[in-house]
Amino acid sequence: MLIDAILRELSAREPIFHRREFGTSREDLLNMTADDFWEIGASGAVYDRGYVIETLLERYQSPEPDDLVCSDFTIRQLAQDLYQLNYVLQQPNRRTRRTTLWRKTNEAWQIVFHQGTVISEPYPAS
């Protein structure tokens with residue numbers, strides 16, 4: 001089924017901006033984010049595309065942590081070529097529920113929106 005293939009393709013890109021094989025240059029980041037990309041961080045703060053890109057360019061000067069674990073992926077199609085990917089991200093000191101909106105363009109996948117929300121209670125097993 002097509003949606004299963006899209007789920008596999010997009011889940012391999014998460015957590016976004018931590019998969020350096022998809023690029024770490026300013027040009028790479030501009031290509032992988034929509035012009036109107038924005039993010040709501042786990043803190044609740046809102047970040048625009050420019051801020052996220054500048055922060056990532058600084059982050060990419062250090063080694064990537066290898067203790068990020070994604071699980072419980074789900075996907076749904078919202079419109080033609082627009083998909084909502086949800087998952088849980090386990091980091092050493094916190095667990096967050098993540099949502100990324102992905103748009104398929106003629107060139108590649110683009111990130112339209114991302115949100116992380118801290119999970120304050122244990123996540124029920126599926």
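The first residue of the sequence shown is numbered 1, and numbering continues consecutively from there. All values reported here derive from a predicted model rather than from experimental measurement.
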What distance do [X] atom [atom1] and [Y] atom [atom2] have between them, rounded to the nearest 0.5 Å?
X: Cys70; Y: His18; atom1: SG; atom2: NE2; value: 9.0 Å
X: Tyr47; Y: Thr55; atom1: OH; atom2: OG1; value: 8.0 Å
X: Asn31; Y: Gln110; atom1: CG; atom2: CD; value: 7.5 Å
X: Thr100; Y: Gln84; atom1: OG1; atom2: CD; value: 9.5 Å
X: Glu58; Y: Ile53; atom1: CD; atom2: CD1; value: 13.0 Å
X: Met32; Y: Leu56; atom1: CE; atom2: CG; value: 8.5 Å

Residues clustered with Trp38, ILVMFWY side-chain links under 4.5 angstrom
Ile40, Val46, Leu78, Leu82, Leu101, Val112, Phe113
Evaluate whether atom CZ of Arg59 has more than 12 neighbouring non-hydrogen atoms of other residues, nucleotides or ligands under 6.0 angstrom away.
yes
Glu21 atom CD, over 12 foreign heavy atoms within 6.0 Å:
yes
For [X], all residues meeting side chain to side chain donor-acceptor pair (under 3.5 Å), sequence neighbours excluded:
X: Trp109; value: Glu9
X: Asp28; value: Ser25
X: Thr99; value: Asn86
X: Tyr87; value: Glu14

Qualifying residues under side-chain contact (heavy atoms from CB on, under 4.5 Å), relative to [X], sequence neighbours excluded:
X: Thr24; value: Arg20, Tyr60
X: Ser62; value: none
X: Thr117; value: Gln115
X: Arg94; value: Ala42, Gln91, Thr96, Arg98, Val118

For the hydrophobic clusters of this structure (ILVMFWY residues joined by side-chain heavy atoms under 4.5 Å, transitively), does one cluster hold both Val69 and Leu7?
no
Group every Ile, Leu, Val, Met, Phe, Trp and Tyr by side-chain heavy-atom contacts under 4.5 Å, then state whether Tyr51 and Leu29 land in the same group.
yes
Minimum heavy-atom separation for Arg19 and Pro15, please, with both atom names.
NH2-CD, 3.7 Å
Pairing residues for Arg26 by the salt bridge (Lys or Arg N to Asp or Glu O under 4.0 Å) criterion, not counting sequence neighbours:
Glu54
From Ile6, Ile16, Ile75, residue fulfilling side-chain contact (heavy atoms from CB on, under 4.5 Å) relative to Trp102:
Ile16
Test Val52 against Thr33 for side-chain contact (heavy atoms from CB on, under 4.5 Å), laying out the working first.
CA-CA 10 Å; Val52 169; Thr33 55; 5.9 Å; no
Face-on cation placement of Arg13 at Phe22 ring, 6.0 Å and 45° thresholds
yes
Only pairs at least two apart or in different chains count here, so list each salt bridge (Lys or Arg N to Asp or Glu O under 4.0 Å) that has a residue in residues 34-48.
Asp35-Arg49
